[in-house]
Amino acid sequence: MASYEYVSPEQLAGFDKYKYSAVDTNPLSLYVMHPFWNTVVKVFPTWLAPNLITFSGFLLVVFNFLLMAYFDPDFYASAPGHKHVPDWVWIVVGILNFMAYTLDGVDGKQARRTNSSTPLGELFDHGLDSWSCVYFVVTVYSIFGRGSSGVSVFVLYLLLWVVLFSFILSHWEKYNTGILFLPWGYDISQVTISFVYIVTAVVGVEAWLCTVRDSSDEFVKFFQHGSSCHLQIF
């Protein structure tokens, strides 16, 4: 394995010609988040490596996952009759999730600001993003939890595949076109998730139980019975 040639000389030569190219048409990103990130990146000193910003954001995502795993190891904490996750935890997780999202948005801007943008940096960034897809989905799952009043593990499994497939599809498209068309779902989901964490701390997990239970039941029926099943979201 140590002597295996993972990258051919032709591919290595392509690094010198590579240039990052992305298209972002999401109004939330264009008119809200990018202006915000442009302001935030000016706070960082020019000697701060973009990859360190990337890795710091990833560590926040992992920390959220571990924190929630400590308070909700079996995903039953949100179920009736079980000890719920403390309200302060939801607030911390919500703030840190938004911070991680912000760092993921400014690392590339820091790279271009310091003229240190490289293909390896993009690989490092998106490689960690691929792992984050798993961590943030599983962390959100603790809001709804398992049991009769929550969301089944099968739905969690499907959601993980939806998120991962969306991520892989975007990069497969980039591989063939040379342009990364950024999906709208990422920015919207990150802002929404951060907001939902804070709201959960205020209203409690009970506020989500009935709505999510009905929705998840119909979601499972849809995949079990195919397109003939009528999906009803209450």
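Just so you know, these numbers come straight off a predicted model, no measurement behind them. Residue indices begin at 1 and follow the sequence shown.
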Within this structure, what is the [atom1]-[atom2] distance for the pair [X] and [Y], rounded to the nearest 0.5 Å?
X      : Y      : atom1 : atom2 : answer
Leu159 : Cys133 : CG    : SG    : 12.5 Å
Leu160 : Tyr141 : CG    : OH    : 10.0 Å
Arg146 : Phe75  : CZ    : CZ    : 8.0 Å
Leu52  : Trp47  : CG    : CH2   : 8.0 Å
Asp129 : Phe124 : CG    : CZ    : 10.5 Å
Ser117 : Glu122 : OG    : CD    : 7.5 Å

Verify, without hydrogens or angle tests, whether [X] (side chain) and [Y] (backbone) share a donor-acceptor contact under 3.5 angstrom.
X      : Y      : result
Ser189 : Tyr186 : yes
Asp87  : Ile91  : no
Gln110 : Leu48  : yes
Asp72  : Ala77  : yes
Thr54  : Asp125 : no

Got a list of side-chain donor-acceptor pairs under 3.5 Å for residues 37-45, not counting sequence neighbours?
| unit_1 | atom_1 | unit_2 | atom_2 | d |
| --- | --- | --- | --- | --- |
| Asn38 | OD1 | Lys109 | NZ | 3.1 |
| Asn38 | ND2 | His34 | O | 3.1 |
| Thr39 | OG1 | Pro35 | O | 3.1 |

Minimum-distance pair of heavy atoms, taken over all atoms of [X] and [Y]:
X      : Y      : value
Pro50  : Ala111 : CG-CA, 3.5 Å
Ser29  : Asp187 : CB-OD2, 3.7 Å
Ala100 : Gly57  : CB-O, 3.4 Å
Met68  : Ser142 : CG-OG, 3.1 Å
Thr139 : Asn64  : CG2-O, 4.0 Å

Just checking, any donor-acceptor pair under 3.5 angstrom between side chains of [X] and [Y]?
X      : Y      : result
Ser194 : Asn97  : yes
Thr25  : Trp184 : yes
Trp131 : Tyr135 : no

Exercise for review: List, by chain and number, the other hydrophobic cluster members for Leu120, where Ile, Leu, Val, Met, Phe, Trp and Tyr join if side-chain heavy atoms come within less than 4.5 Å, directly or indirectly.
Suggested key: Leu123

Do the side chains of [Y] and [X] get nearer than 4.5 Å, heavy atoms only?
X      : Y      : result
Ile193 : Phe98  : no
Leu67  : Val92  : yes
Trp90  : Val205 : yes

Review point. Taking atom CG of Asn115 as the centre, does the number of heavy atoms from other residues, nucleotides or ligands within less than 6.0 Å exceed 12?
Key: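 Check fails, neighbour count at 12 or below.
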
Practice item. Would you indicate whether Phe165, at its atom CZ, is surrounded by more than 12 heavy atoms from other residues, nucleotides or ligands within a distance under 6.0 Å? Key: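 Count not over threshold, so no.
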
Check your understanding: Stepwise, does the side chain to side chain contact (heavy atoms under 4.5 Å, CB included) test hold for Phe58 with Asp104?
Key -> CA-CA 8 Å; Phe58 175 71; Asp104 187 46; over 6 Å; no

Point to revise | Ring-ring centroid check Trp88 Phe71, cutoff 6.0 Å | key: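 Centroid separation for Trp88 and Phe71: below 6.0 Å.
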
Exercise for review: Assess the pair Phe167 and His171: is the distance between their ring centroids shorter than 6.0 Å?
Suggested key: yes

**Study point:** side chain to side chain contact (heavy atoms under 4.5 Å, CB included) assessment of Asn26 paired with Met33
**Key:** CA-CA 10 Å; Asn26 185 357; Met33 298 316 303; over 6 Å; no

Exercise for review: List the steps, then state whether side chain to side chain contact (heavy atoms under 4.5 Å, CB included) holds for Leu182 with Ser170.
Suggested key: CA-CA 7 Å; Leu182 298 172; Ser170 296; over 6 Å; no

